[in-house]
Amino acid sequence: MNILSINQHVYIRRSDGRIHEGVIVKLDSSRNNIVTVEWQEGQAIRGKELPLISIVKQNPQIFKATANGANIGVVPPSVVVTATPRNNVVLMKIERMRLERERRSKRNNETRMLRQLYVDEDLDNTNWEFARMLRLYRLQTEFPPVGNAPRSTLKKNQIVVCVRKRPINSKEINQHELDVVSVPNRELLLVHAPRKHLDLTKFLEHHSFRFDHTFDEQSSNAQVYERTVRPLVHHIFDGGMATCFAYGQTGSGKTHTMEGEFTDKKQNSRDGIYALAAAEVFEHLQQPSYSHFELRVSCSFFELYGPRVYDLLGLGKPQLRVLEDGKQRVQVVNLIEEKVANTDEVLHLLELGNSVRTSGQTSANAKSSRSHAVFQIVLRSGDKVHGKISLIDLAGNERGVDNCCISRESRFEGSEINKSLLALKECIRALGRQSAHLPFRSSKLTQVLRDSFIGGKKVRTCMIAMISPGSHSVENTLNTLRYADRVKELTTQPFANSSTQSADPVLEQNRSLSDINSTSN
Ligand SMILES: Nc1ncnc2c1ncn2[C@@H]1O[C@H](COP(=O)(O)OP(=O)(O)OP(=O)(O)O)[C@@H](O)[C@H]1O
(Lines give C-alpha, C1' and ligand atoms only; values in the text may rest on other atoms or scores of the structure.)
Protein backbone atom coordinates (compact mmCIF):
# COMPACT_ATOMS: atom_id res chain seq x y z
CA MET A 1 0.00 0.00 0.00
CA ASN A 2 2.95 2.40 0.38
CA ILE A 3 3.07 3.00 -3.42
CA LEU A 4 -0.29 4.77 -3.43
CA SER A 5 -1.20 7.92 -1.51
CA ILE A 6 -4.19 10.18 -0.91
CA ASN A 7 -4.90 12.59 -3.80
CA GLN A 8 -2.93 10.41 -6.18
CA HIS A 9 -4.41 10.19 -9.66
CA VAL A 10 -5.36 6.80 -11.00
CA TYR A 11 -7.36 5.42 -13.86
CA ILE A 12 -10.31 3.18 -13.27
CA ARG A 13 -12.28 1.17 -15.77
CA ARG A 14 -16.07 1.03 -15.29
CA SER A 15 -18.16 -2.05 -16.00
CA ASP A 16 -19.45 -0.43 -19.21
CA GLY A 17 -15.85 -0.18 -20.46
CA ARG A 18 -15.40 3.58 -19.98
CA ILE A 19 -12.19 4.72 -18.34
CA HIS A 20 -12.16 7.64 -15.85
CA GLU A 21 -9.35 9.55 -14.29
CA GLY A 22 -10.00 9.77 -10.55
CA VAL A 23 -8.40 10.70 -7.26
CA ILE A 24 -7.70 8.45 -4.32
CA VAL A 25 -9.58 9.86 -1.34
CA LYS A 26 -9.16 7.00 1.14
CA LEU A 27 -6.77 4.08 1.67
CA ASP A 28 -7.96 1.46 4.07
CA SER A 29 -5.45 -1.27 4.84
CA SER A 30 -7.59 -2.63 7.65
CA ARG A 31 -10.30 -3.67 5.19
CA ASN A 32 -8.25 -5.89 2.80
CA ASN A 33 -6.54 -2.90 1.21
CA ILE A 34 -9.64 -1.17 -0.05
CA VAL A 35 -9.04 2.04 -2.01
CA THR A 36 -11.77 4.71 -2.37
CA VAL A 37 -11.56 6.63 -5.64
CA GLU A 38 -13.66 9.65 -6.64
CA TRP A 39 -14.04 11.09 -10.11
CA GLN A 40 -16.11 13.69 -11.90
CA GLU A 41 -18.81 12.77 -14.37
CA GLY A 42 -20.43 15.82 -15.91
CA GLN A 43 -21.44 18.05 -12.95
CA ALA A 44 -21.56 15.15 -10.49
CA ILE A 45 -18.87 13.68 -8.28
CA ARG A 46 -18.96 9.92 -8.15
CA GLY A 47 -17.04 7.50 -5.91
CA LYS A 48 -16.29 3.83 -5.65
CA GLU A 49 -14.45 1.47 -3.31
CA LEU A 50 -12.07 -0.86 -5.15
CA PRO A 51 -9.62 -3.53 -4.01
CA LEU A 52 -5.98 -2.48 -4.28
CA ILE A 53 -5.28 -5.30 -6.71
CA SER A 54 -7.80 -3.88 -9.17
CA ILE A 55 -6.13 -0.44 -9.01
CA VAL A 56 -2.73 -2.06 -9.57
CA LYS A 57 -4.02 -3.93 -12.61
CA GLN A 58 -5.61 -0.84 -14.12
CA ASN A 59 -2.62 1.47 -13.45
CA PRO A 60 0.56 -0.36 -14.44
CA GLN A 61 2.28 2.98 -15.22
CA ILE A 62 2.43 3.86 -11.53
CA PHE A 63 4.31 0.75 -10.66
CA LYS A 64 6.64 0.97 -13.66
CA ALA A 65 7.46 4.55 -12.75
CA THR A 66 8.28 3.49 -9.23
CA ALA A 67 10.54 0.71 -10.42
CA ASN A 68 12.54 2.73 -13.01
CA GLY A 69 12.59 6.16 -11.33
CA ALA A 70 10.69 7.72 -14.24
CA ASN A 71 7.10 7.59 -15.36
CA ILE A 72 7.06 5.60 -18.60
CA GLY A 73 3.53 4.43 -17.97
CA VAL A 74 1.14 3.31 -20.62
CA VAL A 75 -1.35 5.97 -21.60
CA PRO A 76 -4.83 4.45 -21.36
CA PRO A 77 -6.71 4.02 -24.65
CA SER A 78 -9.33 6.67 -23.92
CA VAL A 79 -9.71 9.10 -21.02
CA VAL A 80 -13.15 10.43 -20.37
CA VAL A 81 -12.25 13.07 -17.81
CA THR A 82 -9.65 15.51 -19.07
CA ALA A 83 -9.42 18.20 -16.35
CA THR A 84 -5.90 18.82 -15.04
CA PRO A 85 -5.26 16.80 -11.86
CA ARG A 86 -4.61 19.81 -9.60
CA ASN A 87 -7.74 21.61 -10.71
CA ASN A 88 -9.71 18.43 -10.25
CA VAL A 89 -8.86 18.15 -6.56
CA VAL A 90 -9.86 21.76 -5.86
CA LEU A 91 -13.07 21.37 -7.85
CA MET A 92 -13.97 18.24 -5.98
CA LYS A 93 -13.44 19.92 -2.62
CA ILE A 94 -15.56 22.88 -3.66
CA GLU A 95 -18.25 20.55 -4.94
CA ARG A 96 -18.24 18.59 -1.70
CA MET A 97 -18.60 21.81 0.32
CA ARG A 98 -21.46 22.93 -1.94
CA LEU A 99 -23.30 19.65 -1.44
CA GLU A 100 -22.83 19.87 2.32
CA ARG A 101 -24.18 23.46 2.30
CA GLU A 102 -27.23 22.37 0.32
CA ARG A 103 -27.89 19.52 2.73
CA ARG A 104 -27.68 21.89 5.71
CA SER A 105 -29.99 24.50 4.20
CA LYS A 106 -32.55 21.84 3.25
CA ARG A 107 -32.53 20.56 6.83
CA ASN A 108 -32.96 24.10 8.21
CA ASN A 109 -35.82 24.80 5.81
CA GLU A 110 -37.59 21.65 6.91
CA THR A 111 -37.25 22.62 10.59
CA ARG A 112 -38.47 26.15 9.84
CA MET A 113 -41.50 24.85 7.93
CA LEU A 114 -42.35 22.51 10.77
CA ARG A 115 -42.29 25.33 13.32
CA GLN A 116 -44.25 27.64 11.04
CA LEU A 117 -46.90 24.98 10.80
CA TYR A 118 -47.37 25.30 14.53
CA VAL A 119 -46.49 28.89 15.32
CA ASP A 120 -48.01 31.07 12.59
CA GLU A 121 -44.66 32.21 11.16
CA ASP A 122 -43.87 33.74 14.51
CA LEU A 123 -40.61 32.02 15.36
CA ASP A 124 -39.81 34.31 18.30
CA ASN A 125 -43.06 33.52 20.05
CA THR A 126 -42.24 32.36 23.56
CA ASN A 127 -45.72 30.84 23.71
CA TRP A 128 -44.99 28.54 20.82
CA GLU A 129 -45.65 25.37 22.82
CA PHE A 130 -49.14 26.60 23.71
CA ALA A 131 -49.59 27.70 20.10
CA ARG A 132 -48.67 24.20 18.96
CA MET A 133 -51.10 22.59 21.43
CA LEU A 134 -53.84 24.94 20.27
CA ARG A 135 -53.15 24.26 16.60
CA LEU A 136 -53.20 20.53 17.17
CA TYR A 137 -56.37 20.71 19.24
CA ARG A 138 -58.16 22.72 16.59
CA LEU A 139 -56.93 20.42 13.80
CA GLN A 140 -57.79 17.20 15.58
CA THR A 141 -61.09 18.04 17.25
CA GLU A 142 -64.31 17.43 15.42
CA PHE A 143 -67.15 19.49 16.79
CA PRO A 144 -70.68 18.17 16.77
CA PRO A 145 -73.20 20.05 14.66
CA VAL A 146 -75.48 22.65 16.26
CA GLY A 147 -78.02 21.14 18.65
CA ASN A 148 -81.56 20.31 17.61
CA ALA A 149 -83.19 23.27 19.34
CA PRO A 150 -85.28 25.03 16.68
CA ARG A 151 -84.07 28.56 15.96
CA SER A 152 -87.56 29.96 16.34
CA THR A 153 -87.36 29.36 20.11
CA LEU A 154 -84.70 32.07 20.25
CA LYS A 155 -87.26 34.60 19.09
CA LYS A 156 -89.68 33.58 21.83
CA ASN A 157 -87.20 33.36 24.74
CA GLN A 158 -87.84 35.94 27.41
CA ILE A 159 -84.14 36.10 28.21
CA VAL A 160 -81.61 35.58 25.46
CA VAL A 161 -77.89 35.38 26.13
CA CYS A 162 -75.40 35.68 23.28
CA VAL A 163 -71.62 35.98 23.17
CA ARG A 164 -69.51 37.93 20.72
CA LYS A 165 -65.78 37.39 20.29
CA ARG A 166 -63.85 40.34 18.92
CA PRO A 167 -60.84 39.84 16.61
CA ILE A 168 -57.39 39.72 18.18
CA ASN A 169 -55.84 43.19 17.82
CA SER A 170 -52.35 44.34 16.81
CA LYS A 171 -51.38 45.17 20.41
CA GLU A 172 -52.15 41.61 21.50
CA ILE A 173 -50.29 40.17 18.50
CA ASN A 174 -47.23 42.33 19.26
CA GLN A 175 -47.25 41.00 22.80
CA HIS A 176 -47.26 37.45 21.38
CA GLU A 177 -50.69 36.74 22.83
CA LEU A 178 -52.51 33.71 21.46
CA ASP A 179 -56.11 33.63 20.33
CA VAL A 180 -57.48 31.24 22.96
CA VAL A 181 -61.17 31.36 22.04
CA SER A 182 -62.77 29.05 19.45
CA VAL A 183 -66.28 29.48 18.11
CA PRO A 184 -66.86 26.20 16.27
CA ASN A 185 -70.53 26.81 15.54
CA ARG A 186 -73.29 29.32 16.26
CA GLU A 187 -74.05 27.99 19.76
CA LEU A 188 -70.77 26.70 21.11
CA LEU A 189 -67.78 28.54 22.44
CA LEU A 190 -64.52 27.15 23.81
CA VAL A 191 -61.86 28.81 25.88
CA HIS A 192 -58.42 27.16 25.94
CA ALA A 193 -56.71 28.52 29.03
CA PRO A 194 -52.90 28.13 29.00
CA ARG A 195 -51.85 26.56 32.31
CA LYS A 196 -48.74 25.12 33.97
CA HIS A 197 -48.48 22.13 36.27
CA LEU A 198 -46.42 22.39 39.46
CA ASP A 199 -43.46 20.84 37.62
CA LEU A 200 -43.85 23.66 35.03
CA THR A 201 -45.05 21.42 32.20
CA LYS A 202 -47.52 23.30 30.07
CA PHE A 203 -51.05 22.26 29.22
CA LEU A 204 -54.31 23.72 27.98
CA GLU A 205 -57.43 23.73 30.10
CA HIS A 206 -60.47 23.62 27.85
CA HIS A 207 -63.77 25.18 28.90
CA SER A 208 -66.87 24.77 26.78
CA PHE A 209 -69.95 26.99 26.91
CA ARG A 210 -73.25 26.93 25.09
CA PHE A 211 -75.41 30.02 24.57
CA ASP A 212 -78.39 31.05 22.48
CA HIS A 213 -76.01 32.41 19.90
CA THR A 214 -72.26 32.75 19.61
CA PHE A 215 -70.65 35.22 17.22
CA ASP A 216 -67.09 34.74 16.03
CA GLU A 217 -64.59 37.44 15.12
CA GLN A 218 -65.87 37.61 11.54
CA SER A 219 -69.37 38.67 12.60
CA SER A 220 -70.47 42.20 11.81
CA ASN A 221 -72.56 44.53 13.96
CA ALA A 222 -75.45 44.00 11.52
CA GLN A 223 -75.32 40.22 12.03
CA VAL A 224 -75.25 40.64 15.81
CA TYR A 225 -78.18 43.06 15.59
CA GLU A 226 -80.19 40.62 13.46
CA ARG A 227 -80.06 37.87 16.11
CA THR A 228 -80.29 39.99 19.24
CA VAL A 229 -82.05 43.35 19.09
CA ARG A 230 -84.17 43.01 15.94
CA PRO A 231 -86.70 40.66 17.63
CA LEU A 232 -86.85 43.13 20.55
CA VAL A 233 -87.77 46.02 18.24
CA HIS A 234 -90.66 43.93 16.89
CA HIS A 235 -91.64 43.18 20.48
CA ILE A 236 -92.01 46.86 21.48
CA PHE A 237 -94.33 47.45 18.53
CA ASP A 238 -96.47 44.70 20.00
CA GLY A 239 -96.65 46.73 23.21
CA GLY A 240 -93.73 45.17 25.09
CA MET A 241 -90.77 46.40 27.09
CA ALA A 242 -87.33 45.31 25.96
CA THR A 243 -83.79 45.67 27.23
CA CYS A 244 -80.45 44.77 25.69
CA PHE A 245 -77.23 44.84 27.71
CA ALA A 246 -73.73 44.81 26.28
CA TYR A 247 -71.62 43.23 28.99
CA GLY A 248 -67.90 42.43 29.13
CA GLN A 249 -64.37 43.27 30.11
CA THR A 250 -63.05 46.70 29.16
CA GLY A 251 -61.81 46.71 25.58
CA SER A 252 -63.86 43.67 24.57
CA GLY A 253 -66.08 45.55 22.08
CA LYS A 254 -69.22 46.74 23.92
CA THR A 255 -69.07 50.29 22.59
CA HIS A 256 -68.02 49.02 19.16
CA THR A 257 -71.15 46.87 19.06
CA MET A 258 -73.67 49.29 20.57
CA GLU A 259 -72.45 52.65 19.33
CA GLY A 260 -70.55 51.75 16.17
CA GLU A 261 -67.03 51.26 14.89
CA PHE A 262 -64.34 53.55 16.16
CA THR A 263 -62.16 54.70 13.25
CA ASP A 264 -59.74 57.63 13.10
CA LYS A 265 -60.63 58.72 16.63
CA LYS A 266 -64.30 58.99 15.63
CA GLN A 267 -67.27 56.79 16.40
CA ASN A 268 -69.16 55.82 13.27
CA SER A 269 -72.60 55.67 14.90
CA ARG A 270 -74.34 54.47 11.72
CA ASP A 271 -73.33 50.84 12.07
CA GLY A 272 -73.91 50.47 15.81
CA ILE A 273 -76.88 48.65 17.31
CA TYR A 274 -78.38 51.95 18.56
CA ALA A 275 -78.63 53.28 15.00
CA LEU A 276 -79.72 49.95 13.49
CA ALA A 277 -82.53 49.71 16.04
CA ALA A 278 -83.62 53.30 15.35
CA ALA A 279 -83.69 52.63 11.58
CA GLU A 280 -85.82 49.54 12.16
CA VAL A 281 -88.23 51.50 14.35
CA PHE A 282 -88.83 54.07 11.60
CA GLU A 283 -89.19 51.31 9.01
CA HIS A 284 -91.80 49.59 11.20
CA LEU A 285 -93.72 52.80 11.73
CA GLN A 286 -94.57 52.78 8.02
CA GLN A 287 -96.43 49.49 8.33
CA PRO A 288 -100.22 49.90 8.05
CA SER A 289 -100.84 47.47 10.91
CA TYR A 290 -99.46 50.03 13.41
CA SER A 291 -100.96 53.17 11.86
CA HIS A 292 -104.07 53.18 14.07
CA PHE A 293 -101.88 53.54 17.20
CA GLU A 294 -100.58 56.88 15.88
CA LEU A 295 -97.22 56.12 17.39
CA ARG A 296 -94.63 58.82 18.03
CA VAL A 297 -90.96 58.12 18.68
CA SER A 298 -88.78 59.82 21.24
CA CYS A 299 -85.32 59.11 22.65
CA SER A 300 -83.49 59.66 25.89
CA PHE A 301 -79.81 59.10 26.61
CA PHE A 302 -78.32 59.12 30.09
CA GLU A 303 -75.37 57.66 31.95
CA LEU A 304 -74.89 56.17 35.38
CA TYR A 305 -71.54 56.95 36.88
CA GLY A 306 -71.32 55.29 40.27
CA PRO A 307 -74.54 56.20 42.12
CA ARG A 308 -75.06 59.38 40.03
CA VAL A 309 -77.24 59.79 36.94
CA TYR A 310 -76.38 62.35 34.23
CA ASP A 311 -78.48 63.43 31.27
CA LEU A 312 -76.28 63.12 28.18
CA LEU A 313 -78.73 65.19 26.09
CA GLY A 314 -78.99 68.06 28.59
CA LEU A 315 -76.90 71.21 28.26
CA GLY A 316 -73.81 70.80 30.47
CA LYS A 317 -74.70 67.18 31.27
CA PRO A 318 -76.90 67.90 34.31
CA GLN A 319 -77.10 65.47 37.20
CA LEU A 320 -80.57 64.00 37.67
CA ARG A 321 -82.44 62.70 40.67
CA VAL A 322 -84.07 59.28 40.76
CA LEU A 323 -87.29 59.15 42.75
CA GLU A 324 -89.68 56.38 43.59
CA ASP A 325 -93.35 56.99 44.28
CA GLY A 326 -95.66 55.10 46.65
CA LYS A 327 -96.49 52.59 43.90
CA GLN A 328 -92.79 51.79 43.45
CA ARG A 329 -92.78 53.61 40.08
CA VAL A 330 -89.25 54.94 39.46
CA GLN A 331 -88.86 58.33 37.79
CA VAL A 332 -85.67 59.93 36.54
CA VAL A 333 -86.72 63.51 37.23
CA ASN A 334 -86.35 65.97 34.31
CA LEU A 335 -84.82 63.41 31.96
CA ILE A 336 -85.00 64.84 28.43
CA GLU A 337 -87.09 62.76 26.05
CA GLU A 338 -86.39 64.21 22.61
CA LYS A 339 -88.94 63.63 19.84
CA VAL A 340 -87.35 62.24 16.67
CA ALA A 341 -88.72 61.83 13.16
CA ASN A 342 -85.97 59.88 11.39
CA THR A 343 -82.70 57.98 11.86
CA ASP A 344 -80.52 61.03 11.19
CA GLU A 345 -82.06 62.86 14.12
CA VAL A 346 -81.33 59.84 16.32
CA LEU A 347 -77.72 59.78 15.10
CA HIS A 348 -77.39 63.44 15.96
CA LEU A 349 -78.57 62.76 19.52
CA LEU A 350 -76.16 59.84 19.81
CA GLU A 351 -73.21 61.97 18.72
CA LEU A 352 -74.22 64.66 21.18
CA GLY A 353 -74.45 62.17 24.05
CA ASN A 354 -71.27 60.25 23.19
CA SER A 355 -69.22 63.44 23.11
CA VAL A 356 -69.88 64.03 26.83
CA ARG A 357 -69.83 60.45 28.09
CA THR A 358 -67.40 59.73 30.94
CA SER A 359 -64.37 57.74 29.87
CA GLY A 360 -61.09 56.88 31.52
CA GLN A 361 -58.05 54.68 31.25
CA THR A 362 -58.05 51.08 32.40
CA SER A 363 -55.41 48.36 32.29
CA ALA A 364 -57.17 46.96 29.22
CA ASN A 365 -58.40 50.01 27.31
CA ALA A 366 -56.87 53.49 27.04
CA LYS A 367 -60.27 55.01 26.20
CA SER A 368 -62.55 53.07 28.44
CA SER A 369 -66.21 53.90 29.15
CA ARG A 370 -66.39 54.16 32.94
CA SER A 371 -70.16 54.62 33.06
CA HIS A 372 -73.24 52.64 32.04
CA ALA A 373 -74.82 54.40 29.06
CA VAL A 374 -78.57 53.90 28.66
CA PHE A 375 -80.14 54.80 25.32
CA GLN A 376 -83.92 54.48 25.23
CA ILE A 377 -86.32 54.55 22.31
CA VAL A 378 -89.88 55.14 23.50
CA LEU A 379 -93.02 54.60 21.42
CA ARG A 380 -95.92 56.73 22.65
CA SER A 381 -99.52 56.53 21.64
CA GLY A 382 -100.96 59.81 22.88
CA ASP A 383 -99.58 60.21 26.43
CA LYS A 384 -99.40 56.51 27.02
CA VAL A 385 -96.18 54.50 26.62
CA HIS A 386 -96.88 51.85 23.96
CA GLY A 387 -93.46 50.19 24.07
CA LYS A 388 -89.91 50.96 25.11
CA ILE A 389 -86.51 49.54 24.31
CA SER A 390 -83.48 50.29 26.48
CA LEU A 391 -80.07 49.64 24.93
CA ILE A 392 -77.32 49.65 27.50
CA ASP A 393 -73.59 49.86 26.97
CA LEU A 394 -72.41 48.73 30.39
CA ALA A 395 -69.13 49.92 31.87
CA GLY A 396 -66.31 47.38 31.59
CA ASN A 397 -66.25 44.70 34.26
CA GLU A 398 -62.80 44.27 35.67
CA ARG A 399 -61.27 41.91 38.14
CA GLY A 400 -59.81 43.48 41.27
CA VAL A 401 -56.34 42.06 40.55
CA ASP A 402 -56.23 43.92 37.22
CA ASN A 403 -56.64 47.21 39.01
CA CYS A 404 -53.62 47.02 41.30
CA CYS A 405 -51.55 49.53 39.30
CA ILE A 406 -54.13 52.26 38.75
CA SER A 407 -55.37 55.14 40.85
CA ARG A 408 -57.56 54.93 43.94
CA GLU A 409 -60.34 56.74 42.08
CA SER A 410 -60.26 54.19 39.25
CA ARG A 411 -60.32 51.35 41.75
CA PHE A 412 -63.37 52.90 43.40
CA GLU A 413 -65.00 53.26 39.97
CA GLY A 414 -64.27 49.57 39.32
CA SER A 415 -65.84 48.41 42.57
CA GLU A 416 -68.98 50.55 41.95
CA ILE A 417 -69.27 49.08 38.45
CA ASN A 418 -68.93 45.54 39.74
CA LYS A 419 -71.54 46.14 42.45
CA SER A 420 -74.11 47.32 39.89
CA LEU A 421 -73.31 44.40 37.56
CA LEU A 422 -73.93 41.99 40.40
CA ALA A 423 -77.29 43.63 41.09
CA LEU A 424 -78.15 43.44 37.40
CA LYS A 425 -77.42 39.72 37.31
CA GLU A 426 -79.65 39.12 40.32
CA CYS A 427 -82.53 41.06 38.72
CA ILE A 428 -82.29 39.15 35.43
CA ARG A 429 -82.19 35.89 37.34
CA ALA A 430 -85.24 36.92 39.35
CA LEU A 431 -86.99 37.75 36.08
CA GLY A 432 -86.03 34.32 34.70
CA ARG A 433 -87.44 32.60 37.81
CA GLN A 434 -90.62 34.74 37.54
CA SER A 435 -89.86 35.62 41.13
CA ALA A 436 -92.26 37.90 43.01
CA HIS A 437 -89.33 39.70 44.64
CA LEU A 438 -87.13 41.80 42.38
CA PRO A 439 -84.00 43.14 44.13
CA PHE A 440 -83.94 46.27 41.96
CA ARG A 441 -83.02 48.67 44.80
CA SER A 442 -79.53 47.21 45.22
CA SER A 443 -78.11 49.55 42.57
CA LYS A 444 -79.01 52.71 40.70
CA LEU A 445 -78.74 50.84 37.41
CA THR A 446 -81.41 48.28 38.28
CA GLN A 447 -83.51 50.96 39.96
CA VAL A 448 -83.79 53.10 36.81
CA LEU A 449 -84.44 49.99 34.71
CA ARG A 450 -87.11 48.62 37.03
CA ASP A 451 -89.88 48.78 34.44
CA SER A 452 -87.73 46.57 32.18
CA PHE A 453 -87.90 43.77 34.74
CA ILE A 454 -91.53 43.87 35.76
CA GLY A 455 -94.50 43.23 33.53
CA GLY A 456 -94.47 39.44 33.16
CA LYS A 457 -94.62 38.21 29.60
CA LYS A 458 -94.45 41.72 28.20
CA VAL A 459 -90.82 42.04 29.25
CA ARG A 460 -87.92 40.68 27.22
CA THR A 461 -84.20 40.93 27.85
CA CYS A 462 -81.14 40.18 25.78
CA MET A 463 -77.59 40.12 27.04
CA ILE A 464 -74.65 40.26 24.64
CA ALA A 465 -71.49 39.23 26.45
CA MET A 466 -68.36 40.53 24.68
CA ILE A 467 -65.06 38.75 25.04
CA SER A 468 -61.46 39.48 24.11
CA PRO A 469 -59.69 36.51 22.53
CA GLY A 470 -56.13 37.21 23.82
CA SER A 471 -54.42 34.80 26.22
CA HIS A 472 -53.69 37.61 28.73
CA SER A 473 -57.46 38.20 29.04
CA VAL A 474 -58.33 34.59 29.64
CA GLU A 475 -59.37 35.02 33.30
CA ASN A 476 -61.59 38.01 32.45
CA THR A 477 -63.04 36.08 29.52
CA LEU A 478 -63.91 33.15 31.79
CA ASN A 479 -65.45 35.56 34.32
CA THR A 480 -67.62 37.15 31.63
CA LEU A 481 -68.74 33.77 30.32
CA ARG A 482 -69.56 32.49 33.80
CA TYR A 483 -71.59 35.63 34.47
CA ALA A 484 -73.50 35.16 31.21
CA ASP A 485 -73.85 31.50 32.01
CA ARG A 486 -75.43 32.27 35.39
CA VAL A 487 -77.93 34.56 33.69
CA LYS A 488 -78.82 31.87 31.15
CA GLU A 489 -78.72 28.89 33.47
CA LEU A 490 -82.12 29.52 34.93
CA THR A 491 -83.80 30.28 31.65
CA THR A 492 -83.00 27.27 29.47
CA GLN A 493 -82.76 24.06 31.44
CA PRO A 494 -81.63 21.71 28.64
CA PHE A 495 -78.28 23.46 28.24
CA ALA A 496 -75.86 22.90 31.09
CA ASN A 497 -72.56 24.63 30.58
CA SER A 498 -69.43 22.98 31.81
CA SER A 499 -65.69 23.02 31.71
CA THR A 500 -63.02 20.38 31.34
CA GLN A 501 -59.33 20.23 31.86
CA SER A 502 -56.57 17.82 31.06
CA ALA A 503 -52.86 17.75 30.38
CA ASP A 504 -52.99 14.97 27.82
CA PRO A 505 -53.96 16.29 24.38
CA VAL A 506 -55.76 13.08 23.39
CA LEU A 507 -57.56 12.92 26.70
CA GLU A 508 -58.30 16.60 26.41
CA GLN A 509 -59.86 16.08 23.03
CA ASN A 510 -61.94 13.10 24.02
CA ARG A 511 -63.03 14.63 27.28
CA SER A 512 -63.99 17.95 25.80
CA LEU A 513 -65.81 16.18 23.00
CA SER A 514 -67.76 14.10 25.45
CA ASP A 515 -68.28 17.27 27.41
CA ILE A 516 -69.63 19.03 24.34
CA ASN A 517 -71.72 16.01 23.52
CA SER A 518 -73.10 15.87 26.99
CA THR A 519 -74.08 19.54 26.87
CA SER A 520 -75.88 19.05 23.59
CA ASN A 521 -77.91 16.09 24.77
N1 LIG B 1 -65.84 43.18 16.63
C2 LIG B 1 -64.82 44.04 16.52
N3 LIG B 1 -64.17 44.19 15.35
C4 LIG B 1 -63.14 45.04 15.23
N5 LIG B 1 -62.67 45.81 16.24
C6 LIG B 1 -63.27 45.73 17.42
C7 LIG B 1 -64.37 44.84 17.63
N8 LIG B 1 -64.76 44.96 18.90
C9 LIG B 1 -63.95 45.89 19.45
N10 LIG B 1 -63.07 46.35 18.58
C11 LIG B 1 -62.03 47.36 18.84
O12 LIG B 1 -61.49 47.13 20.14
C13 LIG B 1 -61.26 48.35 20.83
C14 LIG B 1 -62.00 48.36 22.16
O15 LIG B 1 -63.40 48.26 21.89
P16 LIG B 1 -64.50 49.06 22.74
O17 LIG B 1 -64.06 50.44 23.08
O18 LIG B 1 -65.78 48.87 22.03
O19 LIG B 1 -64.45 48.19 24.06
P20 LIG B 1 -65.41 48.34 25.32
O21 LIG B 1 -65.80 46.97 25.69
O22 LIG B 1 -66.50 49.31 25.05
O23 LIG B 1 -64.41 48.90 26.39
P24 LIG B 1 -64.78 49.82 27.69
O25 LIG B 1 -65.66 49.03 28.58
O26 LIG B 1 -63.44 50.05 28.31
O27 LIG B 1 -65.41 51.05 27.16
C28 LIG B 1 -61.73 49.47 19.91
O29 LIG B 1 -60.61 50.00 19.25
C30 LIG B 1 -62.63 48.76 18.91
O31 LIG B 1 -62.62 49.41 17.65
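Remember, it's 1-based here, ligands and their atoms both numbered in the order they're listed. Position 1 is the first residue of the sequence, and the numbers go up from there.
Side-chain N/O atoms of S390 and Q376 include a donor and acceptor closer than 3.5 Å. For N221 and R164, the side-chain atoms include at least one donor-acceptor pair closer than 3.5 Å.
Considering backbone and side-chain N/O of G253, one or more are found under 3.5 Å from N/O of ligand 1. Residue G251 has at least one N or O atom closer than 3.5 Å to an N or O atom of ligand 1. For ligand 1, the polar-atom distance check against T255 finds a nitrogen or oxygen pair separated by under 3.5 Å. Between D393 and ligand 1, no N or O atom pair is found at a separation short of 3.5 Å.
Partners of R296 by side-chain contact (heavy atoms from CB on, under 4.5 Å), not counting sequence neighbours, listed by chain and number: K339.
The list of ring-ring contact (aromatic ring centres under 6.0 Å, His included) pairs with a residue in residues 458-484, not counting sequence neighbours, reads Y247-Y483.
One finds a salt bridge joining E337 and R380 here, because a Lys/Arg side-chain nitrogen approaches an Asp/Glu carboxylate oxygen to under 4.0 Å.
Of the candidates H256, R166, E261, H256 brings a heavy atom nearest to atom 4 (C) of ligand 1.
At least one heavy atom of S252 sits less than 4.0 Å from an atom of ligand 1. Using a non-hydrogen distance threshold of 4.0 Å, Q249 registers as a contact of ligand 1. Look at E259 and you'll find every heavy atom at least 4.0 Å from all atoms of ligand 1.
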Checklist entry - Where do Q249 and N479 land on the side chain to side chain contact (heavy atoms under 4.5 Å, CB included) test, with the steps shown first? => result CA-CA 9 Å; Q249 178 200 357; N479 270 357; over 6 Å; no
Next on the checklist: Assess the residue pair D212 and R227 against the criterion (salt bridge (charged side-chain N to carboxylate O under 4.0 Å, His left out)); give the C-alpha distance rounded to whole Å, side-chain angles, the decisive distance to 0.1 Å, and a yes or no.
Outcome noted: CA-CA 9 Å; D212 289 315; R227 289 265 171 215; over 6 Å; no
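With ligand atoms numbered from 1 in the order given, ligand 1 contributes 25 (O) to contacts under 4.0 Å with heavy atoms of G396. Which parts of ligand 1 touch K254 is read off a 4.0 Å heavy-atom cut-off, strictly below it: atoms 18 (O), 19 (O), 20 (P), 21 (O), 22 (O), 23 (O), 24 (P), 25 (O). Every atom of ligand 1 is numbered from 1 in the order shown, and the set under 4.0 Å from a heavy atom of R164 is 1 (N).
Ring pair F301/F375 is perpendicular by interplanar angle, where above 60° counts as perpendicular and below 30° as parallel.
Only the side chain of P167 comes within contact range of ligand 1, with a heavy atom under 4.0 Å; no backbone atom does.
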